[in-house]
Amino acid sequence: NAGVTQTPKFRVLKTGQSMTLLCAQDMNHEYMYWYRQDPGMGLRLIHYSVGEGTTAKGEVPDGYNVSRLKKQNFLLGLESAAPSQTSVYFCASRDRVDTQYFGPGTRLTVL
Amino acid sequence: GENVEQHPSTLSVQEGDSAVIKCTYSDSASNYFPWYKQELGKGPQLIIDIRSNVGEKKDQRIAVTLNKTAKHFSLHITETQPEDSAVYFCAASPYTTSGTYKYIFGTGTRLKVLA
């Protein structure tokens with residue numbers, strides 16, 4: 001039981017490049033979330049999913065897209081990266097009693 | 001909009017002393033209040049949570065209290081140890097009839113336990 005895993009762990013992009021962050025969970029959870037963490041700002045919700053095939057916008061969705069084609073995977077895409085998207089990205093899943101389980105994070109730098 | 005304020009942003013205590021972190025939420029529909037501990041280079045991990053129908057919950061050296069009237073909840077760590085040093089986040093989750101569970105996080109408290 002690996003819990004929530006994220007790939008890659010680190011990435012450096014140039015402005016305008018695209019990339020996809022992968023989140024996988026093996027706990028059969030319906031809900032999955034993508035957050036970004038910036039210094040002094042806590043965790044801010046980017047997008048979330050309430051089940052396979054569904055996605056919804058969170059607090060800071062601009063510049064990101066997501067897909068949930070399989071229940072265990074939640075992908076976060078950056079189509080045209082900007083320096084403002086330099087951050088640490090965390091994926092989480094939620095069980096039936098509200099507990100969120102977080103992945104180890106992806107540190108992204110956009111030059 | 002929904003907001004969670006967390007204080008203090010940094011806290012230094014001597015080993016063995018107690019630490020208290022406080023949060024205030026704005027959405028009166030919030031009914032679930034988790035606390036997370038984040039160690040350097042890792043993702044947040046749930047350490048304790050409380051629901052709106054309970055005023056206090058304890059788990060060994062950690063306790064959480066909730067004052068629904070004042071919209072305050074607090075984390076209490078007693079007999080602090082060096083391994084308690086980390087960043088702590090509070091969060092609030094409002095109940096929604098649509099079943100969309102979201103979490104509003106505080107900005108975090110960096111706790112340093114001095115040996």
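If you're wondering where the values come from, they're calculated on a predicted model, not measured in any experiment. Side chains are part of it too, since the values below use all heavy atoms of this structure and drop only hydrogens, waters and symmetry mates. Below, read A as the first sequence line, B as the second, and so on, with proteins coming before strands; counting in each chain starts at 1.
When the side chains of ILVMFWY residues are joined at heavy-atom separations under 4.5 Å, either directly or via intervening members, A:Leu108 and A:Tyr64 end up in a single hydrophobic cluster. B:Ile47 and B:Leu111 fall within the same hydrophobic cluster, where Ile, Leu, Val, Met, Phe, Trp and Tyr residues are linked whenever their side-chain heavy atoms come under 4.5 Å apart, directly or through other members. Hydrophobic clustering (side-chain heavy atoms under 4.5 Å, transitive across Ile, Leu, Val, Met, Phe, Trp, Tyr) keeps A:Met41 apart from A:Tyr33. A:Val88 and A:Val66 fall into different hydrophobic clusters, where Ile, Leu, Val, Met, Phe, Trp and Tyr residues are linked whenever their side-chain heavy atoms come under 4.5 Å apart, directly or through other members. The hydrophobic cluster containing A:Tyr89 does not contain A:Leu75, counting ILVMFWY residues as joined when their side-chain heavy atoms lie under 4.5 angstrom apart, directly or transitively.
Between A:Phe102 atom CZ and B:Leu46 atom CG the span is 9.5 Å, to the nearest 0.5 Å. The line from CG of A:Leu43 to OG1 of B:Thr107 is 10.5 Å long, rounded to the nearest 0.5 Å.
Nearest heavy atoms, B:Gly43 versus A:Phe90: CA-CE2, 3.4 Å.
Between chain A and the options B:Gln45, B:Arg51, B:Lys42, B:Gln6, heavy-atom pairs under 4.5 Å are most frequent for B:Arg51.
Here the two rings, on B:Tyr103 and A:Tyr35, have centers that are 6.0 Å apart or farther.
Only the side chain of A:Leu45 comes within less than 4.5 Å of a heavy atom in chain B; its backbone stays farther off. The parts of B:Pro44 that come within reach of chain A are both its backbone and its side chain, each placing non-hydrogen atoms under 4.5 angstrom from that chain.
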| field | Check against side chain to side chain contact (heavy atoms under 4.5 Å, CB included), A:Gln37 and B:Phe105 | value | CA-CA 11 Å; A:Gln37 184 176 40; B:Phe105 284 82; over 6 Å; no

| request: For A:Gln100 and B:Asp49, run side chain to side chain contact (heavy atoms under 4.5 Å, CB included): C-alpha distance rounded to whole Å, both residues' side-chain angles, the deciding distance at 0.1 Å, then the answer. | output: CA-CA 11 Å; A:Gln100 280 195 106; B:Asp49 57 13; over 6 Å; no

| said: What verdict does the side chain to side chain contact (heavy atoms under 4.5 Å, CB included) test give for A:Thr99 and B:Tyr32, after you've listed the backbone C-alpha separation in whole Å, the side-chain angles of each residue and the deciding distance to 0.1 Å? | reply: CA-CA 10 Å; A:Thr99 302; B:Tyr32 174 66; 4.2 Å; yes

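Enclosure of atom CD in B:Gln60 is not indicated, since only 12 or fewer non-hydrogen atoms of other residues, nucleotides or ligands lie within 6.0 angstrom. Crowding of B:Lys68 atom NZ: a count of heavy atoms from other residues, nucleotides or ligands under 6.0 Å not exceeding 12. The number of heavy-atom neighbours closer than 6.0 Å to CD of B:Gln81, taken from other residues, nucleotides and ligands shown, is above 12.
Under the 4.5 Å side-chain criterion, counting only non-hydrogen atoms from C-beta, B:Ser93 is not in contact with A:Asp98.
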